[in-house]
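Quick note: residue numbers are just sequence positions, from 1.
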Amino acid sequence: MESKVNRKKIRNNLLIFLSSLSVLTALYFIYKLEIHEWTCINEQNAPGCYVTGLIYEENGQTQKARHYFKRAKELGYSRETKNERDP
């Protein structure tokens, strides 16, 4: 009897955990742009500005993308690749 109760608790806890994880993942993908835009504007986060620019670029909004790339550069974000670092 006690074993059944424990299994049921474990199953319920696992179900709650997986449901919560699914909801949070869905919310992230729905609000991905807003999250990164907010970190750029309010937190002065240069990588957040860069990611926002990438998202706008993927969506075909090049003017907004350029604005956020410029903002990222102003905040000191540089996208160095190995070739750019090596002479």
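Applying side-chain contact (heavy atoms from CB on, under 4.5 Å) to Thr39 and the options Thr52, Asn45, Val51 leaves one that passes, Asn45.
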Check: Can you check side-chain contact (heavy atoms from CB on, under 4.5 Å) on Tyr56 and His36, steps first, answer last?
Finding: CA-CA 11 Å; Tyr56 277 125; His36 291 294; over 6 Å; no
Next item on the list: Apply side-chain contact (heavy atoms from CB on, under 4.5 Å) to the pair Glu43 and Trp38, showing each step before the final yes or no.
Entry: CA-CA 7 Å; Glu43 298 290 326; Trp38 185 87; 3.2 Å; yes
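Note on Val23 and Ile35: same hydrophobic cluster, where clusters join Ile, Leu, Val, Met, Phe, Trp and Tyr whose side-chain heavy atoms are under 4.5 Å apart, directly or indirectly. Tyr28 and Tyr31 fall within a single hydrophobic cluster, where Ile, Leu, Val, Met, Phe, Trp and Tyr are joined by side-chain heavy atoms under 4.5 Å apart, directly or via other members. Both Ile55 and Ile41 sit in one connected hydrophobic cluster of ILVMFWY residues. Membership requires side-chain heavy atoms under 4.5 Å apart, directly or through other members.
The two residues Gly48 and Cys40 come nearest to each other via the heavy atoms C-CB, 4.0 Å. For the pair Gly53 and Ala65, the tightest heavy-atom approach, listed with the atom from each and the gap, is O-CB, 3.3 Å.
The closest side-chain donor-acceptor pair between Tyr68 and Gln61, if any, does not fall under 3.5 angstrom.
Atoms CD and OH, on Glu57 and Tyr50 in that order, are 7.5 Å from each other to the nearest 0.5 Å. The structure places CG of Leu15 at 12.0 Å from NZ of Lys8, a figure rounded to the nearest 0.5 Å. Between atom NZ of residue Lys9 and atom CG of residue Leu14 there is a gap of 15.5 Å, rounded to the nearest 0.5 Å. Atoms CG and CG, from Leu18 and Asn13 in turn, are 11.0 Å apart once rounded to the nearest 0.5 Å. To the nearest 0.5 Å, the span separating CG on Leu54 from CG on Asn59 amounts to 11.0 Å.
Proximity of Arg71 to Glu74: side-chain heavy atoms (C-beta onward) are separated by under 4.5 Å at one or more points.
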